[in-house]
Amino acid sequence: MRRYNPKEIEPKWQKIWEKSKIYQATEDKSKLKRYVLEYFPYPSGAAMHVGHVRNYTIGDAVARYSRMNGMNVLHPMGWDAFGLPAENYAIKTGISPQQAVTKNVENFKAQLMQMGFSYDWPREINSTDPAYYKWTQWFFLMLFERGLAYQQESLQWWCPFDKTVLANEQVENGRCWRCGNLVEKKALKQWFFKITDYADRLADDLDNVNWSEAIKAMQRNWVGRKEGINVTYKTTNAKTQQEITIFTGRPDTNFGATFVVLAPEHQLVQKVISQEIIPNSGPSHWQAVEQYVQKTLIKSEIERQEEGRLKTGVFTGLYVKNPLNDKDLPVWVSDFVLAGFGTGAVVGVPGHDMRDFEFAKQFDIPIERVVVGPDGDISPITEPEQVQETAGRMINSGPLDGLEITDAIEKMRDLMEKKNMGKRTKSYHLRDWLISRQRYWGAPIPIIHCPKDGAVPVPEDQLPVVLPEVKSYEPSGDGHSPLANVPEFVNVKCPKCGADAQRETDTMDGFACSSWYFLRFADPHNANMPFDKAKVDFWLPVDDYIGGAEHAVMHLLYARFWTKVMFDEKLIDFDEPFITLRNQGMILAPDGKKMSKSWNNTIEPDQLIKQGYGADSIRLMELFIGPWNQAAAWNVEGLGGTFRFLQRVWTIVQEYLDETKDQRSKIKDQGMGHNAELEVQIARTVHKTIKKVSQDLEELSFNTAIAALMECVNELYKIKGKHPSTKLGASNFELAYKTWKTELENLVQLLAPFAPHIAEELWAELGHKASVHISPWPQWDAQLVSEEFITLAVQVNGKVRGEIVVTADISEEEAIETAKNNEKVAKNLAGKKIKKAIYVQGRLVSLVV
RNA sequence: GGGCGGGUGGCGGAAUCGGUAUACGCGCAGCACUUAAAAUGCUGUGCCCAAAAGGCUUGAGGGUUCAAGUCCCUCCCCGCCCACCA
């Protein structure tokens, strides 16, 4: 008998699949299309670990199952290859990023190939290919023409290690998302995409997609829309009167305001420092303010966090009038107020906001109560626990007195608008997307700076602006990319007026390239357009997008933004790119930690394959380890279990083939090999499994589908040796050889989405010429699946006391009667009167005494 | 502080609508095969009890119900994301 040897069969089928083109998609309108996509990976020189591979295994199972169900499946793969790792590698080794990427792509492709994923490889794309980034640049210009790409000088996050600016989304806990070093603020002129114009749509349209609540919530929080009111306060003691507009979501408490705080970056603060506005009463404060602001702005985010909630600040000398009660409020500066949210100014209500309370305590500012506390408490607020933030009734608040907070908010907004004190508005957490990078390895921004015409787009016929070869990739840290040192690149003529001009030397954030790649897959080699609209409209939106949750507020937000812009530009007919998003759970190392090089705890399929397990066992384990969307620690010994299971499938098919080989013709000729009872038993076992696996796959319940396959195989092992007409120790294949063949074929088909190589090999051995992966998914026979007899549990007073086996169509009365007569049940009923009897169809009988 | 998940044997996990808790796999134990081991096959395996009978068991406590892992209330713990967002 042939032994199961993955090393022998897996590479063989991988080659055959590549030649046979069975995974290549065409725009065949006769079939239902399904676009299954996994986030295109960043190719590195390293080995993938089992966590990366889970992502592709899930996608491949969905793709293969859909294909066998007659769908027209698009399942492409490509490379997101711009970015720092290749560039840092170049700096270290002198090997150009272009060369490194070529090698890394080879490395990654080989690893995906050896896992046997069903990708449409001719559609392979690479974001660093000029033929691709030509269109990334084209989209940049489209955004520019629509006023959605603009340049602005402002304070930005700067990573001193990677020597580049970063977008808000790419700063995590005050650290660079790539290298983990502390970031700083730096004033630089930068390119932005105006994603804030789409804030409302990005938040609202989440209602139309089938994503997990977790990711939707993350995006909604990131957009951070908050309704409030902008209230205008006027200075009372400045030489020239100034206005401060303050955003507040809680105008209800404003009778209790005792101060106003400005962010250090607030423009009025600058006016104080420059002495443009000087209070005409009291000492001058501008020097103290200047000192404070200087100290604050150079603080890193981490330093701020280390200070904890300890409030710092300084009084400006200015006062404003509270329009509600004409009280004078001192104006302070403090870094607990963020320049980027609302208007960069807050009104301090220390009795009813914890931060304001802490600030008032710190600087001995009065605290007033305008909200009644629990149990009617109206004592002065002196301790943090007494601060009333969310519940209560208003007092000391003129027209609001007696109202609950929620009613008071609305009434106050109405009042303020009516009296012209303020205007309802919304504020957002979302900032514009900073896309320029002062690094080499990215798509050049296609802009030429002319002294006369300003920023001028590179004409479309001159795209792509090709990234030139350079001698040194080292970023200078002076706010310019290495491209600034390439005169042939920089010095050009203005496309508008022909005067001497200079090219933009910053490159685009890699997330620009990944914001449209899923569209390019529909038409990957189009040289004249980013894509043909008809093709994109055929395949898109993506039906199943499978990836990790780490992209929640980066890629997934950016891609939605680009899609909406393209929709507005009428390039496409849909405005959400990913209908269903599936976030796979992370595979942790066996020690329960995240897998990483630095922990030295990665587990790599490459190694496991070399050890002889084979891709199929690994794929099976990736799915069997637990629900696909839940994290799980890799189980080293468990892999032996999935291997063993495949070996059992292999063995039973081989035994069948071996044992029926010689007799087959004889059996056929003589009409032998017929045992009806045995046939039903075999067919019933497999058809139950067809039903279970099919239903589980509809819900992506891979782990239970695989469990069902294991049960089925265990059952078939018993059947082949245990049937009464079987001799001890022998198999009974020849007694039902046709049924055995049909059902083993069904079993192999059910296994195909998970373990494609062994399925293909056994399918071929069972006599099929065409691939199992384009065979139609088996259908279960309803009659075979239905049970003739069922087992009912019998409860007495809620406790299970016995079991009865009855015909499936038993009536309620009969079931209850049978239950009562059960020996064990009768014992428990002895001498008692049955008060109530319940029959749950097909489940149990419950008797109450 | 806010949002989202989750807590079931020694371990990963299973359990449509509230209906026999612990499927399947790992691990462990035993048996067969073998000179032996590995591999393979078979059997057993939630806890208490020598066994049977019986009792107990889904993070803790309470409630609803003939019946609760599942529903309701109070609380504890773990993970992820965001966080001085006015």
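Given the structure is predicted, the values throughout are model-derived calculations rather than measurements.
OP1 or OP2 of B:C56 sits under 4.0 Å from a side-chain N or O of A:K799. Residue A:R801 places at least one side-chain N or O closer than 4.0 Å to OP1 or OP2 of B:G55. For the pair A:R220 and B:C4, the criterion of a side-chain N or O lying under 4.0 Å from OP1 or OP2 is not met.
Counted by atom type alone, A:T196 and A:D432 present one or more donor-acceptor pairs between their side chains at under 3.5 Å.
Per the geometry, CD belonging to A:Q630 stands 7 Å off P belonging to B:G6, to the nearest Å. In this structure, A:W211 atom CH2 and B:G3 atom C1' are separated by 17 Å, rounded to whole Å. The NZ-C1' distance, from A:K216 to B:G3, rounds to 15 Å in whole Å. As rounded to whole Å, 16 Å separates atom C1' of B:A67 from atom OH of A:Y839. The separation between A:W634 atom CH2 and B:G25 atom P is 17 Å, rounded to whole Å.
Nucleotides B:G25 and B:C72, compared at atom C1', are 36 Å apart to the nearest Å. Here the separation of B:U35 from B:C48, taken at their C1' atoms, is 44 Å to the nearest Å. Nucleotides B:C26 and B:U22 place their C1' atoms 15 Å apart, quoted to the nearest Å. Nucleotides B:C47 and B:U58 have their P atoms positioned 15 Å apart, rounded to a whole Å. For the P atoms, the distance from B:G46 to B:A21 is 14 Å, rounded to whole Å. Rounded to whole Å, the C1' atom of B:A53 lies 29 Å from the corresponding atom of B:C31.
The only option from A:E655, A:E715, A:E659 that meets the side chain to side chain donor-acceptor pair (under 3.5 Å) definition with A:K720 turns out to be A:E655. Partner of A:R250 under the side chain to side chain donor-acceptor pair (under 3.5 Å) criterion, chosen from A:T248, A:D252, A:T253: A:D252.
Taking only side-chain atoms of A:N221, from C-beta outward, the nucleotide of B:C84, B:G55, B:G3 with the closest atom is B:G3. Residue A:K836 places its side chain closer to B:C66 than to any other of B:C4, B:C84, B:C66.
Closest heavy-atom contact between A:I804 and A:A815: CD1-O, 3.9 Å.
On a pure distance criterion of 3.5 Å, a polar donor-acceptor pair joins the side chain of A:K311 and the base of B:C84.
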Item to check | Bracket string, RNA chain B, 5' to 3' - pairs by Watson-Crick or G-U geometry under 3.5 Å, | interstrand | outcome: (((((((..(((......[....)))((((((.......))))))(((.....)))..(((((..]....))))))))))))....
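Residue A:G342 is classed as having no contact, given no heavy-atom separation below 4.0 Å to the nucleic acid. Contact annotation for A:R3: no contact, since no heavy-atom pair falls under 4.0 Å across all strands. Looking at heavy-atom distances under 4.0 Å, A:G641 makes contact with sugar-phosphate atoms alone, never a base.
Take A:F259 and apply the ring pair (Phe, Tyr, Trp, His ring centres under 6.0 Å) test, not counting sequence neighbours, and it matches A:F359.
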Could you go through residues 632-645 of chain A and list every donor-acceptor pair under 3.5 Å that involves a side-chain atom there, pairing it with any protein atom two or more places apart or in another chain?
residue, atom, partner, partner atom, Å
A:N635, OD1, A:E637, N, 3.2
A:N635, OD1, A:G638, N, 2.9
A:T642, OG1, A:S617, O, 3.1
A:T642, OG1, A:L639, O, 3.0

Give the table of side-chain donor-acceptor pairs shorter than 3.5 Å for residues 698-708 of chain A, with sequence neighbours excluded, one pair per line with atom names and distance.
residue, atom, partner, partner atom, Å
A:E698, OE2, A:Y65, OH, 2.8
A:S701, OG, A:T704, OG1, 2.5
A:T704, OG1, A:D696, OD2, 2.8
A:T704, OG1, A:S701, O, 3.1

Distance-only criterion, 3.5 Å: show the donor-acceptor pairs between side-chain atoms of residues 211-220 of chain A and protein atoms not counting sequence neighbours.
residue, atom, partner, partner atom, Å
A:W211, NE1, A:F578, O, 2.9
A:S212, OG, A:I215, N, 3.3
A:K216, NZ, A:L206, O, 3.1
A:K216, NZ, A:V209, O, 3.1
A:Q219, OE1, A:R560, NH1, 2.6
A:Q219, NE2, A:A552, O, 2.8
A:R220, NH2, A:D207, OD1, 3.2

Check nucleotides 19-24 of chain B for protein N or O atoms closer than 3.5 Å to its own N or O atoms and list the pairs.
residue, atom, partner, partner atom, Å
B:G19, N2, A:Q795, OE1, 3.3
B:U20, O2, A:E803, OE2, 3.1
B:U20, N3, A:E803, OE2, 3.3
B:A23, O2', A:E711, OE1, 3.4
B:A23, O2', A:E711, OE2, 3.3

